Amino acid sequence: MQEMISIKTFDEAEELQNPRRVLKYVLIFCTSGEVTVSVDESEYILIPNTVLTITSGQIHYFTNNKFAQGYVLEFTYNFFCKDDTDMELIFHNGLFCHFAMNEIILVDNNQIVIDQLEEITKELIEEPYQYLISVHSRIELILVEINRTKINRGDEIYKPDALFLHFLETVLRNFDKNLSVAEIADLIGTTESKLNELSKLHCDKTAQNIIFGLIISEAKRLFNYEKLSVKEVAYALGFNDPFYFSNFFKKHTN
C-alpha cells in the first residue's frame with residue numbers, strides 16, 4: 001500500500017534531484033525557503049505556503065533549491081479515486097490537469113494544509129486502525145483548501161465530469177496500444193458520441209484531437225527526457241510505422 005501513497009520532506013525526496021516521472025499524482029508544498037521545480041518544459045518557483053500539483057506521468061524535478069523545506073505527497077489514481085466524487089475533486093478547478101495547466105497557488109489557510117500533511121506522515125508511519133481511510137480524508141481536506149483559495153482569488157469554478165476524466169486516464173495508461181476513440185469508449189462503458197460531447201464541452205475539441213494532444217505531450221517527454229529515437233518513441237506510442245509517426249509529430253508541432 002505504501003506504493004500507492006507516500007509522503008516525504010524535501011530533504012528526504014532525493015529522487016527529485018533528477019528528472020523523474022511516476023504514474024502518481026504529486027503535490028509539492030513549500031513551508032520555507034525557495035525552490036524551482038521543472039515540470040515538463042516549464043519552471044515554477046515555490047515560496048513559503050505555495051503548492052504545485054503535478055499530474056500522473058509529467059516529468060518533474062528540483063532545479064534550484066534555496067534552502068527550501070516542505071513536503072512531497074504522492075498517491076495513485078487507484079488509491080484516491082474510489083468514486084466519481086473523488087475523481088471530480090482531484091481535477092476540480094484544474095488541479096492535477098492533464099493539459100499542462102500546472103500553476104503555483106499561494107494557499108490562504110496554510111496551517112490547515114501543514115497540519116494535514118503532518119498527520120498523513122504520522123498515519124503512514126504508525127498505521128493505526130483504518131489509517132488509509134483517514135489519509136484519504138486528509139488529502140480531500142487539502143484539495144478542498146486549495147480549491148477555496150482559488151475561488152477566493154476570483155478563479156472561475158471548473159468542475160469536470162468524472163466520465164471525461166476516466167477517458168483521459170484510460171488514454172494515459174494505454175499509449176502503447178494506440179486505442180481509437182471507439183475502443184476507449186468500449187473500455188470505459190460509454191459511446192464514442194458521448195466522449196465527443198464531453199470533449200467538446202470541456203475542451204472545445206473532438207475526443208480524437210484530445211488523444212492526439214496527449215500523444216504529442218508524451219512524445220515530447222520521451223524525446224526530451226528519455227532521449228529515445230524516433231523509432232523508439234513511435235513504437236512506445238503504438239505506431240507500427242516510424243515514418244508515419246514522424247509525419248504525425250511534425251503535423252501537430254509544426
Side-chain angles (χ1 to χ4, degrees), residues 5-13 16 24-40 42-56 58 60-77 79-124 131 133-162 165 202:
I5 169 77
S6 67
I7 188 167
K8 295 181 179 180
T9 64
F10 285 2
D11 290 339
E12 295 168 335
L16 283 174
K24 297 179 182 179
Y25 294 98
V26 182
L27 184 148
I28 301 176
F29 185 82
C30 180
T31 55
S32 66
E34 179 182 302
V35 63
T36 302
V37 184
S38 175
V39 182
D40 286 340
S42 301
E43 290 196 335
Y44 303 88
I45 298 175
L46 282 164
I47 59 174
N49 305 323
T50 57
V51 66
L52 175 68
T53 57
I54 299 169
T55 201
S56 179
Q58 286 191 296
H60 59 282
Y61 59 103
F62 289 169
T63 62
N64 186 20
N65 189 342
K66 297 181 180 178
F67 308 105
Q69 297 294 324
Y71 293 92
V72 181
L73 174 67
E74 298 180 356
F75 52 91
T76 63
Y77 176 86
F79 171 78
F80 189 78
C81 296
K82 307 299 184 186
D83 54 33
D84 286 358
T85 301
D86 291 339
M87 205 180 304
E88 290 169 358
L89 176 59
I90 200 174
F91 291 98
H92 199 94
N93 288 344
L95 295 182
F96 300 106
C97 184
H98 285 297
F99 303 116
M101 293 171 60
N102 309 85
E103 63 173 323
I104 296 291
I105 303 162
L106 179 62
V107 179
D108 290 340
N109 295 314
N110 61 292
Q111 195 58 49
I112 291 177
V113 175
I114 293 171
D115 289 346
Q116 298 311 316
L117 290 169
E118 289 177 347
E119 286 299 318
I120 289 171
T121 302
K122 184 179 177 182
E123 294 270 322
L124 291 178
Y131 73 100
I133 297 174
S134 172
V135 168
H136 187 283
S137 297
R138 294 180 189 284
I139 295 174
E140 285 184 308
L141 288 173
I142 291 170
L143 298 185
V144 166
E145 191 54 47
I146 296 171
N147 280 320
R148 286 177 175 173
T149 291
K150 295 191 72 174
I151 297 306
N152 288 342
R153 74 183 189 186
D155 286 18
E156 182 179 347
I157 294 177
Y158 169 69
K159 184 180 179 181
D161 184 280
L165 303 174
H202 287 294

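All values derive from a computational prediction rather than experimental measurement.
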State, yes or no, whether a side-chain contact exists between Thr31 and Phe10 at a heavy-atom distance under 4.5 Å. no
Tell me whether Lys66 at atom NZ has more than 12 heavy atoms from other residues, nucleotides or ligands lying less than 6.0 Å away. no
Could you tell me which non-hydrogen atom of Cys30 sits nearest to which non-hydrogen atom of Gly33, and how far apart they are? SG-O, 3.8 Å
Which of parallel (below 30°), tilted (30 to 60°) and perpendicular (above 60°) describes His202 and Tyr158? perpendicular
I need the Gln58 CD to Thr53 OG1 distance, nearest 0.5 Å. 8.5 Å
So, for Pro160 and Glu88, which heavy atoms are closest and what is the spacing to 0.1 Å? O-CG, 3.3 Å
About how many Å separate CD of Glu118 and CD of Gln111, when rounded to the nearest 0.5 Å? 7.0 Å
Might you point out which heavy atoms bring Val39 and Leu52 nearest each other, and give the distance in Å? CG2-CD2, 4.0 Å
Decide yes or no for Ile104 and Ile45: does some side-chain heavy atom of the first lie under 4.5 Å from some side-chain heavy atom of the second? no
Of all the heavy-atom pairs spanning Phe96 and Val26, show the shortest one and how long it is. CE2-O, 3.4 Å
Side chain proximity check, Ile139 to Val135, heavy atoms < 4.5 angstrom: yes
Distance from Cys97 atom SG to Asn102 atom CG, nearest 0.5 Å? 8.5 Å
Mind checking whether Ile90 and Cys81 have side chains closer than 4.5 Å, heavy atoms only? yes
Apply side chain to side chain contact (heavy atoms under 4.5 Å, CB included) to Phe99 and Thr55, showing your working. CA-CA 9 Å; Phe99 303 116; Thr55 201; over 6 Å; no
Show, in sequence, the C-alpha distance, side-chain angles and deciding distance for Tyr71 and Ile28, and conclude whether the side chain to side chain contact (heavy atoms under 4.5 Å, CB included) test is met. CA-CA 6 Å; Tyr71 293 92; Ile28 301 176; over 6 Å; no
Would you confirm whether the ring centroid of His98 sits within less than 6.0 angstrom of the ring centroid of Phe91? yes
Rounded to the nearest 0.5 Å, how far does CG of Asp40 lie from CD1 of Ile54? 9.0 Å
Side chain to side chain donor-acceptor pair (under 3.5 Å) against Asn64, all qualifying residues, sequence neighbours excluded: none
Identified side-chain contact (heavy atoms from CB on, under 4.5 Å) partner of Leu27 from the options Val72, Leu143, Leu95: Leu143
Spacing of Leu106 atom CG and Arg153 atom CZ [to the nearest 0.5 Å]: 9.0 Å
Here the pair of heavy atoms bringing Ile105 nearest to Lys150 is CD1-CD, 3.9 Å
Give, for atom CE of Met87 and atom CG of Asp161, the distance between the pair rounded to the nearest 0.5 Å. 9.5 Å
When you look at Leu73 and Ile120, which way does the side chain to side chain contact (heavy atoms under 4.5 Å, CB included) test go after all the steps? CA-CA 9 Å; Leu73 174 67; Ile120 289 171; 4.3 Å; yes
Which word best sums up how the rings of Phe79 and His136 line up, parallel for under 30°, tilted for 30 to 60°, or perpendicular for over 60°? tilted
Check for a donor-acceptor pair, side chain of Ser38 on one end and backbone N or O of Tyr61 on the other, with a separation under 3.5 Å. no
Atom of Asn93, atom of Ile157 and distance for their closest heavy-atom approach: OD1-CA, 3.4 Å
